[in-house]
Amino acid sequence: MSKKIQAIRGMNDLLPEQSPLWQYVEGCVRELMQTYGYAEIRTPILEQTALFARSIGEVTDIVEKEMYTFDDRNGDSLTLRPEGTASCVRAAMENGLLHNQTQRLWYQGPMFRHERPQKGRYRQFHQVGVETYGLEGPDIDAEVILLTARLWRRLGLDDHVTLELNSLGSSDARAAYLDRLVAYFEQQQEVLDEDSQRRLYTNPMRILDSKNPDMEPMLADAPRLLDHLDTASREHFDTLTALLEHAGISYRINPRLVRGLDYYSRTVFEWTTEALGSQGTVCAGGRYDGLVEQLGGKPTPAVGFAMGMERLILLLETLDLIPDDARPGLDVYVAGQGDRSTEATLMLGEALRDALPGIQLQVHCGGGGFKSQIKKADRSGAELALLLGEDEIANGTVTVKFLRDDRDQMQLAQDNLAVQLPELLGRSF
RNA sequence: GUGGAUGUAGCUCAGUGGUAGAGCCCCGGAUUGUGGCUCCGGUGGUCGUGGGUUCGAUCCCCAUCAUCCACCCCA
């Protein structure tokens with residue numbers, strides 16, 4: 001077992017039993033994006049290392065210790081993308097998508113971070129993300145949040161997730177606030193725990209995030225960023241919250257909500273759940289007006305978010321919110337008996353698929369006794385079994401056996417099956 | 001990167017210092033053209049890996065790898 005090659009730590013196989021659920025969620029996402037007129041963009045999984053170092057922030061954990069970075073054969077430093085925003089900005093700039101136009105884009109795919117795996121956290125994980133460019137007003141912030149809220153409703157998750165909101169203000173206002181904050185923490189040095197001491201000069205806002213209960217009173221009295229916003233950011237935030245209220249989206253303002261990545265400004269938000277234990281953030285995003293310029297483009301306002309597919313799926317599973325059509329299933333299983341049944345079953349299957357293009361039909365392969373074929377039909381989950389024995393083949397009929405209902409089997413003419421099957425299955429194709 | 005728990009059949013798990021068992025699954029039979037219930041039989045394991053202690057280790061010790069949970073961080 002252990003001498004065999006196994007998957008890389010934290011990188012999981014998605015097994016057949018799970019893929020219908022993934023396809024279901026992916027389908028919901030695709031429909032949702034189309035509903036809002038967002039266009040899909042697909043970018044390479046590998047980028048030059050500098051792209052992430054410059055956008056995410058040199059001193060973040062992601063860049064400092066979590067990236068899968070290696071040298072290409074020609075000596076270039078490449079990195080497996082740890083998130084989608086940087087690639088998306090790069091691609092949009094490189095292809096002229098930001099030249100005098102706005103964009104509403106979405107993407108989906110695997111991301112890579114070398115972290116210690118845990119529930120809801122893997123080294124290869126999948127994100128769905130949205131990025132909008134060229135829109136500076138709070139209307140687009142609201143739209144992006146409304147879009148996520150619609151997805152929760154679609155998936156039945158709306159009662160199980162909470163929206164948290166904050167504003168980080170302009171970079172000037174934030175810089176001024178940071179000075180105040182650091183000054184406050186310096187006066188409280190003796191209360192700061194070890195982690196916080198370290199973060200005091202690298203990323204002081206993260207101290208606000210701390211879960212250490214001993215620091216709670218000190219943090220509660222810390223200066224709040226929301227009280228030190230510049231006027232424009234304040235108005236932006238107030239308009240956003242008003243829009244959300246109009247739309248009936250409830251939210252909780254969390255003055256301590258800080259995004260981990262350096263590029264955020266003004267609006268930040270997070271959808272969280274209690275049901276996933278320690279990795280409760282299902283979706284997170286915000287505004288990053290400075291990023292495009294930081295990466296060498298013209299100043300371009302931008303808003304986006306990313307959500308974690310594994311966490312979403314875990315959530316649907318723990319809450320038992322998986323609809324039937326997101327489970328594997330078959331409509332029909334075709335079994336045969338006798339020397340000529342192989343040809344007969346395969347041809348019947350093809351004919352039915354021609355006539356009923358949406359049908360989910362499996363023809364038994366691999367021989368075996370009639371009895372075991374019917375057993376397989378049962379285990380397959382199919383509604384009906386179509387049986388082709390010597391008699392049926394001789395007279396052009398097929399025996400229909402109801403696997404889920406207590407109902408007598410019947411013999412039908414093969415020529416008529418395409419007409420009668422939809423009725424027998426209770427669905428159209 | 002830190003801490004804790006756990007690795008025995010495909011899956012869920014018992015178990016013992018004298019080289020292993022159950023349930024489910026799978027295959028066959030009772031029923032030579034009929035699943036789901038029942039009964040009978042069968043396949044399947046270098047007991048995660050490497051080393052140590054021992055006459056002998058799946059069990060005790062060390063290391064290592066992996067999984068899970070938490071911290072950190074984040075989706």
Side-chain angles (χ1 to χ4, degrees), chain A residues 1-12 15 17 56 59-66 82-85 108-130 148 161 193-196 198-199 203 206 209-212 257-261 269-273 276-285 304-315 333 335-338 341 364 366 368-382 384-393 399-406 408-409 411:
Chain A
M1 186 82 110
S2 77
K3 291 204 171 152
K4 286 179 184 159
I5 294 173
Q6 37 187 164
I8 294 168
R9 181 171 203 196
M11 305 206 180
N12 301 310
L15 299 175
E17 198 177 52
I56 296 169
V59 298
T60 56
D61 277 12
I62 292 180
V63 171
E64 278 184 339
K65 47 196 186 197
E66 294 177 0
E83 55 104 47
T85 297
Q108 171 256 24
M111 308 293 164
F112 303 85
R113 292 183 200 170
H114 191 106
E115 299 181 274
R116 189 99 167 234
Q118 197 179 320
K119 183 179 185 181
R121 191 173 75 185
Y122 310 99
R123 290 186 172 181
Q124 174 174 333
F125 60 104
H126 296 77
Q127 285 187 336
V128 167
V130 151
T148 55
V161 290
D193 61 22
E194 200 180 327
D195 276 335
S196 302
R198 175 173 53 77
R199 285 185 290 213
N203 203 345
R206 291 226 66 94
D209 258 357
S210 173
K211 293 173 191 169
N212 185 344
L257 177 62
V258 175
R259 307 286 329 120
L261 286 51
F269 68 91
E270 212 167 89
W271 287 95
T272 59
T273 177
L276 288 186
S278 154
Q279 309 301 324
T281 302
V282 168
C283 172
F305 67 79
M307 57 195 196
M309 281 292 284
E310 282 81 0
R311 291 183 186 179
L312 218 45
I313 293 212
L314 220 44
L315 192 53
Y333 193 97
Q337 192 190 38
S341 70
H364 179 85
F370 199 50
K371 183 188 172 74
S372 77
Q373 291 188 39
I374 288 169
K375 198 165 183 171
K376 285 204 170 91
D378 180 41
R379 300 278 156 94
S380 78
L384 302 180
L386 297 182
L387 311 179
L388 282 174
E390 284 169 14
D391 295 347
E392 288 89 343
I393 292 168
T399 295
V400 179
K401 184 175 175 63
F402 298 89
L403 297 169
R404 311 292 150 212
D405 303 313
D406 191 15
D408 289 340
Q409 62 188 37
Q411 280 210 2

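Below, read A as the first sequence line, B as the second, and so on, with proteins coming before strands; counting in each chain starts at 1.
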Taking only side-chain nitrogens and oxygens of [X], does any of them come within less than 4.0 Å of OP1 or OP2 of [N]?
| X | N | result |
| --- | --- | --- |
| A:Q337 | B:G33 | yes |
| A:Q127 | B:A75 | no |
| A:R404 | B:G35 | no |
| A:K119 | B:A70 | no |
| A:T399 | B:G33 | no |

| field | For A:Q124 against A:P110, the heavy-atom pair lying closest together | value |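 For A:Q124 versus A:P110, the nearest heavy atoms are NE2-CB, 3.5 Å.
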| field | Minimum heavy-atom distance between A:A382 and A:Y333, given as atom pair plus value | value |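 Taking every non-hydrogen atom into account, CB-N, 3.8 Å.
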pair [X]-[Y]: side-chain heavy atoms closer than 4.5 Å:
| X | Y | result |
| --- | --- | --- |
| A:K65 | A:H114 | no |
| A:M307 | A:L312 | yes |
| A:I374 | A:L387 | yes |
| A:K375 | A:R379 | yes |
| A:K119 | A:S278 | no |

| field | Earlier contact from the 5' end, RNA chain B, for A:K375 and A:G308 | value |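 It is A:K375 whose nearest nucleotide is closer to the 5' end.
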| 5′-ward residue of the pair A:K371/A:A306 relative to RNA chain B |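 Its nearest nucleotide lies further toward 5', so the answer is A:K371.
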Distance, rounded to the nearest Å, where [X] contributes [atom1] and [N] contributes [atom2]:
| X | N | atom1 | atom2 | answer |
| --- | --- | --- | --- | --- |
| A:I62 | B:C74 | CD1 | P | 6 Å |
| A:F370 | B:G28 | CZ | C1' | 18 Å |
| A:L257 | B:C74 | CG | C1' | 12 Å |
| A:H364 | B:U34 | NE2 | P | 15 Å |
| A:R379 | B:G10 | CZ | P | 19 Å |
| A:N12 | B:C68 | CG | P | 7 Å |
| A:Q279 | B:C72 | CD | C1' | 10 Å |
| A:L403 | B:G36 | CG | P | 11 Å |

Side chain [X] and base [N] donor-acceptor under 3.5 Å:
| X | N | value |
| --- | --- | --- |
| A:R121 | B:C68 | no |
| A:R9 | B:U67 | no |
| A:Q6 | B:G48 | no |

| field | Spacing of the P atoms in B:U43 and B:U49 (rounded, Å) | value |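 The answer is 23 Å between these two P atoms.
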| Using atom C1' of each nucleotide, how far apart are B:G45 and B:G35 to the nearest Å? |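 31 Å, rounded to whole Å.
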Sugar-phosphate, base or nothing in reach of [X], heavy atoms under 4.0 Å:
| X | value |
| --- | --- |
| A:G285 | nothing |
| A:K65 | nothing |
| A:Y122 | base |
| A:L387 | base |
| A:Q373 | nothing |
| A:E270 | nothing |
| A:K401 | base |
| A:E17 | nothing |
| A:E83 | nothing |
| A:G10 | sugar-phosphate |

Can you tell me the Watson-Crick or wobble partner of [N], both distances under 3.5 angstrom?
| N | value |
| --- | --- |
| B:C59 | none |
| B:C71 | B:G1 |
| B:A22 | B:U12 |
| B:U31 | none |
| B:U43 | none |
| B:A66 | B:U6 |

| query | Charged N to carboxylate O below 4.0 Å: is that the case for A:K401 and A:D408? | reply |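 Salt bridge between A:K401 and A:D408, a charged N being under 4.0 Å from a carboxylate O: no.
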| request: Kindly point out which of B:G3, B:A75, B:C74 is positioned nearest to the side chain of A:R116? | output: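 So the side chain of A:R116 is nearest to B:G3.
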